[in-house]
Every structure is written in C-alpha cells, then in structure tokens.
> 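Just dropping this structure here.
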Amino acid sequence: MNEILKIEQKWQKYWEKHKTFEAKTGSKKTPYYILVEFPYPSGAGLHVGHVRSYTAQDSLARMMRMQGYNVLYPMGFDAFGAPAEEYAIKTHQHPKIVVENNIKVFGKQMKSLGFSFDWSRQFSTTDPDYYKWTQWQFLQFYKHGMAYKDTIPVNWCPNCKTVLSNEDAAGGVCERCGSQVEQREKSQWMLKMASYSEDLLNGLEDTNFADRVKLGQINWIGKSTGVEVDIDIVGGGNFSIFTTCPETIYGITFFVIAPDGKLIKELMPRVENKEEVEEYIKETAKKSNMDRTELNKGKSGVEVKGIKAINPVNGKEVPVFLGDFVLGDYGTGAVMAVPSHDQRDYEYAKEHNLEIIQVIDCGDISEHAIEKHDYMGHGYKLINSEEFDGMTADEAREKISDMLEEKGYGRRVNNYKMRDWIFSRQRFWGEPIPMIYCEKCGWQPMKEEDLPLLLPDVAEYEPTDTGESPLAKITDWVNTTCPHCGGPARRETDTMPNWAGSSWYFLRFMDPHNEKEFASMDAMKYWNRVDWYNGGMEHTARHLLYARFWVQFLYNIGLVPHKEMIWTRVSHGMILGSDNQKMSKSKGNVINPDDIVNEYGADTLRVYEMFMGDYQMDAPWNTDSLRGCRRFLDKIIRLKDKVNEKEGFTQSLEVLQNKTIKKVEYDTTHMGYNTVISSLMILANAYDEMDSITKEDYRLLLTLLNPTAPHITEELNEQLGFKPICESEWPKYDEEKTVENVKDIAVQVNGKVRGTIQITVDDNEQVIKEKAMECENVMKHIEGKEIVKVIVIKGKIVNIVVK
RNA sequence: GCUUCCAUGGCGGAAUUGGUAGACGCGGCAGACUCAAAAUCUGCUUCUAGCGAUAGAGUUCCGGUUCAAGUCCGGAUGGGAGCACCA
C-alpha cells in the first residue's frame, strides 16, 4: 500500500511543480469554467461526500483540458459563520486561527486526492482582501437604495443568539441547531430581494439548471396571481385584501386580518372590545411560527367589534375578525373569507359560528369546503353571484376580475412568498457591515477607500443574550467619527450572514488577485460565466438564490457582463452510511476519506465514488464494493504484462475501443460517471482475454481512465515511456468504427424472442427477413400460421407477426 | 394538505431514450492453484418446470396505446425530498 501512496504523491508533486492545472486568463483556447461549491472548513475535515462531487467535476475538468479547453477549476473556502466561532469560544482561540488550521487540513486532504484545482486562485471569504469587496458590494446595495434598516419581527434563534433570515428559519426551526425560532422585534439591515422576485423567476429561463433545481427556486419564490380588492369600512376608512379566488367574491361572509399587522393598530381607536383584541395580539406575539401551525388545529381568533366591512360587489356588511393564520407580512395582511370554498375559512366559520354562503354549484359542502382545484377542474358553475350566475368558475374568474378593475374596486396583482433578505447577524465572526450611525446625520456609509473594515482582535466573541453583537462591547472599535459631518458616531456592530461571501465568490475566481476591483470586466468577459456548477440540493433555496440575486443586482448597476452568471447547475446525491442512514458521528457510520486513501489509495476511492451509483441520487457506502474497485485497478496494472512489441492498435479491438472513447466522452459530460467506469471495465476485460495487446492499446485505456484515476495511470504510462497523459491529447474516435460489421440481433414472433440471427452491415431488409425466416426455432413458431407482417428495424430487431 | 421526484435480482445499479431486461460491480455457490490461508483464475447465479434443447412467468399493482412497453398515457399503492394556515 505504501507503494501506491508513493506513486500518488510523486504525481501530486509533479502537477504542483509544473503548474499543470493553472488556468491562464486570456488564453486563446476556449475557456470553460467548472465550479464545485467551496466547502466550509469545519474541524471534522473533508467528508466522503465532498470527494464525490469534487471527483466528478475533476474528471470533467481533466478530460476537457486534454480536449484543448482552457479549464478553470478553482477551489477556495467559505469560512465565516457560527461553527468556527463556536469552536473558537470552546477552545479560547481566535476564530481566525481555527479557520487557518482547518483550511490547511482541507487543502492537504484535497491535494492527497489529486484534484486538479488551480490552487493559485485559492482564497477564503475571511481574507481581508476578499471581504473588503463583500463590504464594498454591500455599499453599492446601500447606495442604490437596495439596503435599508427596518424594525420588524424577525426570527431569533435563542440558542445561536442571532437573527436568522427566512431562508435559514424555514419551518420555524433554526437551520443550524434545530432550535425553535422565536419572533423578536429588532432593527435589521435588509436587502430588497423581494423586488427581484419576478426577475429571479424569469432569469431561470436564461439558465440550464436541472429541472429539480429550477422547481425548488420557483417554489420558494412562490408567485401567486390574484386580485387586490379595496374594502370600505362602515363609518369610514378602508383596507385591502388579496385573493387568488376572485370568482368566489360573492361568498364573503367575514374578513380576517392579521394580529401582527399594521391595520389592526390603525383600527384600534374604534374597536369596542379593546381588551379582548389586545390580549389576542399579545398571545400571538408570544407564539413562534411553529406554535401557530401546531396549536391551531382549531382556528383561534376574536371578532373586532365595532368594525363592519362592506363587500364592494354587493354592498353586504360583514364582520371583521382577527386570526393568527393571517400573516402580517404576506399580501396585504388581510383576507376575505369564503367558508364555502376554502377549507381554512370553513373551519374558522364553524369554530366561530359564522354564515356560509355557497357560490359555486358543486354539491354538498356540509362536511367540508370544496376548494379551487376541485371546482375549477370540474367546470362547476356559479350561483348566488348576481349577473355571474351560470358561468363556469374559470370564466367567472376573468369576468369578475375585469369587473373589479372596471369599477375601480381592485386590480390584478402578483404576490410572492419570498421576502426581503434579513442581512444582519448578531455574531462576531462575519463581515462587519460598513455603516456608521451619527446622531446628527443618521446612518452613513463608510468611505469606500477606508475598506476593508477589519474585525478587531479581541479576547471575547461570545454572543450575548441581549441581542447585541459581541462587537458592541469593543468600544475602541465601535466609537468612530461620522464620515459625513466628522462628529462622534458609532459603527454598526452586527455582521453579515455567511451567505454574503458565497454570493459572489465565483466572480472572484475569475480574477482573484485584483486589488482595484472585485474582478475586472475583461476577466469576467473572458471567462464569460460559470459553465458548470455542482452543489447540494439544500442550497437551492438559499445560496443559489442569494447568488443569483446578488449577480442580477451587480448586472443592473453595470458591474458584471451577464444577468445570470451561472449556466448549468446540477446537484449530486448524498453518500449515506452503510446502514443507509445519513452519516453522523452519533450513528458511528462516518467514513473518513483519509483512512480510505491510506489503505486503498486515492485512485481507488475516486473510482469507487464514481462507480457507486447514479450521481444524482443518494447511495450507501459499501466497503466490499470499494475493494472491487481496487481489484479493477490491480487488473489495470497486471495488463501491463500483456503489452507486446507491435505498433498501432489491435485490429480486433478497434470497434470496442472507438465505442468506449465515445461513451466515456458522452457519459462524462452527462453525469454518467458510473457507466464511464463500467465501460472501462468492459474494455479492460476484453484486453484481459487477449494473449497480448499493443502499447497503443494499453495507453488508450490508461488515457480514458486517467480523469478518474489520475495517479496510477500516469505512472503506468510513464513506465511505457510515453509523455505524461496530463500533457497529452484526448483520443479521437471514428464514428464509423463504433459499429460492428457483424452483429447478432433478436428475432421475435408476436413480440416474443424466438431466436437470434447474425447480420452484416451490408444486409438489406430482404436479406435480413430471409435470415430470420430460416432460423430453426422461429420456423417452429410460424409453421402453419399466416404471416401478417414482418417488421425489420435495421441493426436492432426483427418481429414477425402471425395469426 | 400542496409541489415534486422515484419504484428493475440477495445488494449498488445498466438498458443506445419504444427494440434480446438484468450490462458492470458486490455478495453467494462450485471448481483450479496451495500443506494451508490470502491473492489470483475458471464456471454458475431473476423465478418456475426440465438432464437438455426449450417452454412459461417476470421491471410495485390494475388498465390502455403499439408489431413491440422498464421506457409512453390513465388510475392505485408504497417511499424520498421541498414547502406548509401564503389568502
């Protein structure tokens, strides 16, 4: 085994010394940018899951370089964030030191696996040279009115002691620690991401993302089309509601407004049951989102007495309720309730004994409401809806919307679930937000020339219960002067979320050492965009969405060449433990890549991870199967003994060789990594059956396997006396030689295989038919029967239909 | 509940996109080499019947389209993922 490690290290040193994988910006070769998500350098080290996607993209990168592309395959580290900070608190080290050490370990591990990264472009998001530009870009957001400070109820994680974005608190649970999130009113920096909803939706058309990735984003953006209707209050005043079902508007029997919204505050002076209403508002505020979902099997709420609202279409006066299922920050914070055709409204009406008016003739609703997708699909007609009676729901939907617009009662609008991006974190280990508060001048941006705003070196970085960042305690750092008036002022003490640095790192890789700009337009135009980006499915609604938003903004202010800078996005499946469970320390099913490299070699691990299954699906670890891959590489080594002195290729292997080149090329570019390996196993088996093979035969196999197993193939290639594979060209196949001259095909009778015949490429349909009829077993099955027709699919199959 | 993906031997998975289902690998069984073990090599390995040629069944289940369905269409069941009182 030591022999293998020696060989692997030898070639790793060779690549490093010869700068084999450094990409030259501006080279005349066709540029191609392959990206894998840069890792968070945790203390646990590299995971076998990293190895899977890095190897897959590495094999693509290595093949394409040999094909003459100028491949950019960079690597860096996303090192801001809570884990490093927590580890630092525990061990009383500065997070900077923790991160530096972890990065060293990760780098060493990656090098031991032979990934062909361009290490000259490496950086960490925590490098001041890098986060200077993250801060600079934040200032651009601010200067273009895209960043603002607002006091809103936000997701607060009591364990991590920080605010979380909606994306990080999906389901009311902290994404990092799993704690239940609380709602707290806090003043936060926000980025106006919601205003990009439509652009982010439309932009997907200019990408080649995998369907499941697109769908994930579409889902999260959550567009719904409907009508906003203005509702007058009896005795003056009004509010608006948003509905996606305007066709049911005649069925309104009450309205429900959000207890956490602004509307109820405005109405308060006119409310007759103030105490009751205020009590309900207080109770709601105490509940987290999760509680709201779980505790309300029944629908809680109180009537807002003294307030009656008017349905504009028929003048009907109905009561107004408070209900915590209505959210203050979605739509208008108020809804019309049509209990006959909405399950939630129905339950609320039952709970509070409210009137139910059926407006769509869809049969009995005494058990439950019949909802939109049912009545629309069935073409049911309207009733109790004045002049719209008798129209189908589909038709009425448009006609009623038209009417609302014509009469000025409302307008068609789109609503989105996606909110603005909560951009403040009350933690130490993040990019400081480069804003200064002055009593006289308010919030002021730092001067760009003063960036980077460095994190101070201090002894304490524990988060605080008060909801203030630990930076707030460092008065030397906090106290500064106002960039506008020069008077005394205080720095913002919150830091950015760790999604900030990763939102544009792929741009920096195009021009990583630029001191004047985050990346030059020339460099970005040369590399054009990320051609192929691999990452986890869990980043679809977060990192990838943030990154697209960030890039679209930069595009709109003229700083990047495309609105979408990422073309293809794919995601790999997880590697599970051998027990089919997610790998975790507590389950004891974690495989450490270092152990595998030491025992079997990096090439074996790489081949195994490519061979283990469908790249896009989860796959369980299996050490026996890994050993099988070691055996395969041993066979490759043994094949060297079969090499003879003859020139050129062996004639009888020609078709298989051409076919294999074609398949390896196609599969490598279509994520069929497992079948790349199996086709090479087939080729190796064919070689093994020969008495001897030529040097060229052998070198072909080594070259095709090289992208996946780069070390051992280089070594064997060198032993044959050839120049290194990584400096050679990829073999070309001849399409004509991928087809056998002679082939066995099946003959079916009535769709059942009854025999096989041998055909040649020259055989015409008539000849094939005759051969099929002469087949002994086929004759038995057609004897005495009437032949209805004979279907001949050239090169594939013959089917004889008989009666 | 909504959205979405998936279902093939003992296991991981192939199937040129409608054309011989089970490639390749793992595991298992039998054999060779060996004093023995490891390694390696050879053969078999979807199920049923048969010594065998062969025949029948078979890609979760039911139905349809087609000369031909793992693949396309409709329905059911089971499982994964995402969102979840979003009006």
Side-chain angles (χ1 to χ4, degrees), chain A residues 170-172 211-212 215-220 222-224 226 241-245 255-256 258 289 292-294 296-297 299-300 323-327 329-338 342-345 347-348 371-373 415-419 537-538 540-541 573 580 607-608 611-614 616-629 631-632 634-635 638 659 662-663 666 672 674-682 684-685 688 738 744-756 776-777 780 788-802:
Chain A
D211 284 344
R212 58 176 179 166
L215 275 163
Q217 296 217 339
I218 289 168
N219 236 314
W220 185 263
K223 179 177 181 171
S224 54
I241 56 100
F242 173 69
T243 180
T244 57
C245 305
F255 291 94
V256 187
N289 279 340
R292 277 206 199 182
T293 317
E294 283 190 357
N296 284 276
K297 296 292 181 212
K299 294 275 176 280
S300 81
D324 64 9
F325 69 83
V326 180
L327 308 173
D329 60 349
Y330 178 78
T332 59
V335 300
M336 66 182 212
V338 182
D342 181 282
Q343 193 56 33
R344 198 193 46 207
D345 295 349
E347 283 165 25
Y348 196 91
E371 299 210 48
K372 191 174 178 178
H373 53 271
N415 252 300
Y416 304 89
K417 281 198 243 180
M418 191 174 70
R419 318 290 159 87
M537 210 41 209
E538 69 278 15
T540 304
N580 246 311
V607 169
Y608 169 61
F611 186 60
M612 71 192 307
D614 184 333
Q616 298 192 74
M617 306 255 250
D618 293 352
W621 182 268
N622 182 331
T623 302
D624 281 334
S625 202
L626 172 86
R627 287 196 197 100
C629 293
R631 280 204 280 271
F632 167 58
D634 287 340
K635 180 183 269 183
R638 264 185 283 117
K659 257 167 121 168
K662 185 179 177 182
K663 182 154 180 68
Y666 183 88
N674 53 340
T675 46
V676 166
I677 304 302
S678 65
S679 65
L680 291 173
M681 285 172 171
I682 290 168
N685 289 345
D688 202 28
T738 60
D744 288 336
I745 65 165
V747 180
Q748 299 179 326
V749 178
N750 285 348
K752 291 209 154 128
V753 180
R754 298 301 180 188
T756 57
E776 203 184 323
N777 196 40
K780 259 198 276 178
V788 181
K789 62 175 157 178
V790 180
I791 291 141
V792 178
I793 308 294
K794 249 192 135 185
K796 284 187 175 163
I797 206 162
V798 179
N799 190 8
I800 304 168
V801 187
V802 297

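Note that this is a predicted model, so its numbers are computed, not measured. Just so it is clear: chains get the letters A, B, ... in the order the sequence lines come, proteins before strands, and each one is counted from 1.
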> Just checking A/N415: base, sugar-phosphate only, or nothing, at a heavy-atom cut-off of under 4.0 Å?
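No contact at all - A/N415 keeps every heavy atom at 4.0 Å or more from the nucleic acid.
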> Remember a base hit wins even if backbone is also touched, and classify A/K752 as base, sugar-phosphate or nothing at under 4.0 Å, heavy atoms.
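A/K752: backbone/sugar contact only, no base atoms under 4.0 Å.
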> Determine the Euclidean distance between corresponding C1' atoms of B/A69 and B/C33; express it in Å to zero decimal places.
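Going atom to atom, C1' in each nucleotide, I get 48 Å.
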> What is the nucleic acid contact for A/D211, judged by heavy atoms within less than 4.0 Å: base, sugar-phosphate only, or nothing?
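A/D211: no heavy atom of the nucleic acid under 4.0 Å.
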> Under a 3.5 Å limit for both distances, which nucleotide forms a Watson-Crick or G-U wobble pair with B/U20, could you say?
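Base partner found: none.
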> Establish, with yes or no, whether the OP1 or OP2 oxygen of B/C2 is under 4.0 angstrom from a side-chain nitrogen or oxygen of A/N219.
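Negative; the distance criterion is not met.
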> Is B/U45 in the syn or the anti form, by the rule that syn lies within 90° of 0?
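Base orientation relative to the sugar is anti.
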> Looking at A/R419, does any N or O in its side chain come under 4.0 Å of the phosphate oxygens OP1/OP2 on B/C86?
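For B/C86, neither OP1 nor OP2 has a side-chain N or O of A/R419 closer than 4.0 Å.
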> Between B/A87 and A/T332, is there an OP1 or OP2 to side-chain N/O distance shorter than 4.0 Å?
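For B/A87, neither OP1 nor OP2 has a side-chain N or O of A/T332 closer than 4.0 Å.
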> Can you tell me the distance, in whole Å, between the CZ atom of A/F325 and the C1' atom of B/A84?
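After rounding, the gap between these two atoms is 15 Å.
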> Roughly, in whole Å, what's the span from CE in A/M612 to C1' in B/C26?
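The distance from CE of A/M612 to C1' of B/C26 comes to 12 Å, rounded to the nearest Å.
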> Return the pairing partner of B/A32 with a 3.5 Å limit on both distances, Watson-Crick or G-U wobble; otherwise return none.
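Answer to the pairing question: B/U40, which forms a Watson-Crick or G-U pair with B/A32.
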> Which listed nucleotide (B/U17, B/A14, B/G25) is nearest to the side chain of A/K796?
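Closest nucleotide among those given: B/U17.
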> From the set B/C24, B/G13, B/C86, return the single nucleotide nearest to any side-chain atom of A/F611.
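Closest nucleotide among those given: B/C24.
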> Counting side-chain heavy atoms from CB outward, which of B/C85, B/G13, B/C24 is closest to A/D324?
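So the nucleotide nearest the side chain must be B/C85.
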> Measure across A/M336 and A/C245 and return the closest heavy-atom pair with its distance rounded to 0.1 Å.
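Taking A/M336 first and A/C245 second, the nearest heavy atoms are CE-O, 3.5 Å.
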> Given B/G25, B/U40, B/C67, identify the nucleotide with an atom nearest to the side chain of A/R631.
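From the listed options, B/U40 comes nearest.
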> Let's test this: given Watson-Crick or G-U wobble pairing with both distances under 3.5 Å, identify the partner of B/U65.
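The answer is none; no pair meets the criterion.
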> Before accepting this row, confirm whether a basic side-chain N of the pair A/R627/A/D624 lies closer than 4.0 Å to the acidic partner's carboxylate O.
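Salt bridge between A/R627 and A/D624, a charged N being under 4.0 Å from a carboxylate O: yes.
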> Which one is paired to B/A55, where only Watson-Crick or G-U wobble pairs with both distances under 3.5 angstrom count?
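Across all strands, the one nucleotide that pairs with B/A55 is B/U48.
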> Pick base, sugar-phosphate or nothing for A/I793, based on heavy-atom distances below 4.0 Å to the nucleic acid.
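Base contact - A/I793 has a heavy atom under 4.0 Å of at least one base atom.
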> Please determine, for the side chain of A/T756, which listed nucleotide (B/C24, B/U20, B/C26) has the closest atom?
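For A/T756, the side-chain atoms sit closest to B/U20.
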> If you measure only the distance, is there a donor-acceptor pair under 3.5 Å linking the side chains of A/K417 and A/N219?
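No, no side-chain donor-acceptor contact under 3.5 Å.
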> In the strands shown, is B/A15 matched to any nucleotide by a Watson-Crick or G-U wobble pair with both distances under 3.5 Å, and which?
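Check on B/A15: unpaired, no WC or wobble geometry under 3.5 Å.
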> Where does B/G82 fall, syn or anti, if syn means a chi angle no more than 90° from 0?
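Here B/G82 takes the anti form, which means its glycosidic angle is more than 90° from 0.
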> Tell me whether the side-chain N/O atoms of A/Y348 come closer than 4.0 Å to OP1 or OP2 in B/C85.
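Checking B/C85 against A/Y348, no side-chain N or O comes under 4.0 Å of OP1 or OP2.
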> Measure the distance from CG on A/N750 to C1' on B/A68 and round it to the nearest whole Å.
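Distance check: A/N750 CG to B/A68 C1' gives 10 Å.
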> What's the closest nucleotide to the side chain of A/I797 if the choices are B/U54, B/U20, B/C67?
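Selected nucleotide: B/U20.
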> For a quick test of reading the model: is some side-chain N or O of A/N674 closer than 4.0 Å to OP1 or OP2 of B/A14?
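For A/N674, the contact criterion (side-chain N or O under 4.0 Å from OP1 or OP2 of B/A14) is met.
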> Does A/R212 place a side-chain N or O at less than 4.0 Å from the phosphate oxygens OP1/OP2 of B/C6?
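No, because none of the side-chain N or O atoms of A/R212 sits under 4.0 Å from OP1 or OP2 of B/C6.
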> Can you see which heavy atom on A/D324 is nearest to which on A/L327, and at what distance?
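What the structure gives for the nearest pair is O-CD2, 4.4 Å.
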> Just call it for A/D744: base, sugar-phosphate, or nothing, with non-hydrogen atoms closer than 4.0 Å on any strand.
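A/D744: base contact, heavy atoms under 4.0 Å.
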> Tell which nucleotide pairs with B/U3, taking only Watson-Crick or G-U wobble pairs whose two distances are both under 3.5 angstrom.
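Partner of B/U3: B/A81.
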> Expressed as a whole number of Å, how far does the P atom of B/G74 sit from that of B/U65?
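Comparing P positions in B/G74 and B/U65 gives a spacing of 15 Å.
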> Would you mind pulling out the nucleotide paired to B/C26, Watson-Crick or G-U wobble, both distances under 3.5 Å?
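By the stated definition (distances under 3.5 Å), B/G10 pairs with B/C26.
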> Please report the distance separating the P of B/C67 from the corresponding atom of B/C86, rounded so that it comes out in whole Å.
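So the two P atoms sit 48 Å from each other.
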> Both A/Q748 and A/Y416 contact RNA chain B. Taking the nearest nucleotide for each, which residue is further toward the 5' end?
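Comparing both residues, the 5'-ward one is A/Q748.
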> Atom CG of A/D618 to atom C1' of B/G79: distance rounded to whole Å?
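Computing the A/D618:CG to B/G79:C1' distance gives 13 Å.
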> Sticking with atom C1', work out how far B/U46 lies from B/U59, rounded to a whole angstrom.
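It comes out at 10 Å once rounded to the nearest Å.
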> Separation of A/R638 atom CZ from B/U40 atom P, in whole Å?
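Taking CZ of A/R638 and P of B/U40, I get 7 Å after rounding.
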> So, OP1 or OP2 of B/U54: does either fall under 4.0 Å of a side-chain N or O from A/R754?
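No, because none of the side-chain N or O atoms of A/R754 sits under 4.0 Å from OP1 or OP2 of B/U54.
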> Rounded to the nearest Å, what distance is computed from the CG atom of residue A/D614 to the P atom of nucleotide B/C5?
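Interatomic distance, CG of A/D614 to P of B/C5: 15 Å.
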> Considering only the P atoms, how many Å lie between B/C5 and B/C44, rounded to the nearest integer?
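Rounded to whole Å, the distance is 41 Å.
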> C1' atom, B/A14 versus B/A23: distance in rounded Å?
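Each nucleotide's C1' atom is 5 Å from the other's.
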> Quick check: A/Y348 with A/F325 (ring centres under 6.0 Å apart)?
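Yes - the distance between ring centres of A/F325 and A/Y348 falls below the 6.0 Å cut-off.
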> Quick one: does A/Y608's side chain have a donor or acceptor within less than 3.5 Å of a partner on A/N622's backbone?
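Yes; judged by distance alone, with no hydrogens or angles, the pair exists.
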> Please determine if a side-chain N or O atom of A/R344 lies less than 4.0 Å away from the OP1 or OP2 oxygen of B/C2.
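So the side-chain polar atoms of A/R344 never come under 4.0 Å of the phosphate oxygens OP1 or OP2 of B/C2.
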> Please confirm whether the backbone N or O of A/V338 pairs with a side-chain atom of A/D345, one donor and one acceptor, at under 3.5 Å?
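Such a contact is found between A/D345 side chain and A/V338 backbone.
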> Using OP1 and OP2 only, check whether a side-chain N or O of A/K635 sits under 4.0 Å from B/C24.
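For B/C24, OP1/OP2 do not have a side-chain N/O of A/K635 under 4.0 Å.
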> Just compare B/C24, B/C83, B/G13 and give me whichever is closest to any side-chain atom of A/A619.
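That would be B/G13.
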> Starting the side chain at C-beta, find the nucleotide from B/U20, B/C85, B/G19 nearest to A/A746.
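Within the option list, the nearest is B/U20.
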> At less than 3.5 Å, do the side-chain atoms of A/D624 and the base atoms of B/C26 form a donor-acceptor pair?
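Result: no qualifying N/O pair found.
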> Report yes or no: does A/N799 contribute a side-chain atom to a donor-acceptor pair with the main-chain N or O of A/I791 at less than 3.5 Å?
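No: the side chain of A/N799 does not pair with the backbone of A/I791.
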> How many angstroms lie between NZ in A/K635 and CZ in A/R638, if you round to the nearest 0.5 Å?
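A/K635 NZ to A/R638 CZ: 7.0 Å, rounded to 0.5 Å.
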> For the side chain of A/S625, starting at C-beta, report the closest nucleotide among B/G25, B/A87, B/C83.
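Selected nucleotide (nearest to the side chain): B/G25.
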> Of the nucleotides B/A87, B/C67, B/C41, which has the atom closest to the A/K789 side chain?
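Shortest atom-to-atom distance from the side chain points to B/C67.
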> Which value, in whole Å, describes the distance between the P atoms of nucleotides B/G12 and B/A76?
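It works out to 28 Å between them.
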> Could you pull out every donor-acceptor pair under 3.5 Å between side chains of residues 674-682 of chain A and any protein atom, sequence neighbours left out?
from: A/T675; atom 1: OG1; to: A/D667; atom 2: OD2; distance (Å): 2.8
from: A/T675; atom 1: OG1; to: A/G672; atom 2: O; distance (Å): 2.9
from: A/S678; atom 1: OG; to: A/T675; atom 2: O; distance (Å): 3.3
from: A/S679; atom 1: OG; to: A/T675; atom 2: O; distance (Å): 3.1
from: A/S679; atom 1: OG; to: A/V676; atom 2: O; distance (Å): 2.9

> Within this structure, what is the CD1-to-P distance between A/I218 and B/C5, rounded to whole angstrom?
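The distance from CD1 of A/I218 to P of B/C5 comes to 12 Å, rounded to the nearest Å.
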> Roughly how many Å apart are B/A21 and B/U8, using the C1' atom of each and rounding to a whole number?
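The answer is 8 Å between these two C1' atoms.
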> Starting at the 5' end of RNA chain B and moving along, which residue's nearest nucleotide shows up first, A/N580 or A/G628?
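Counting from the 5' end, the first nearest nucleotide belongs to A/N580.
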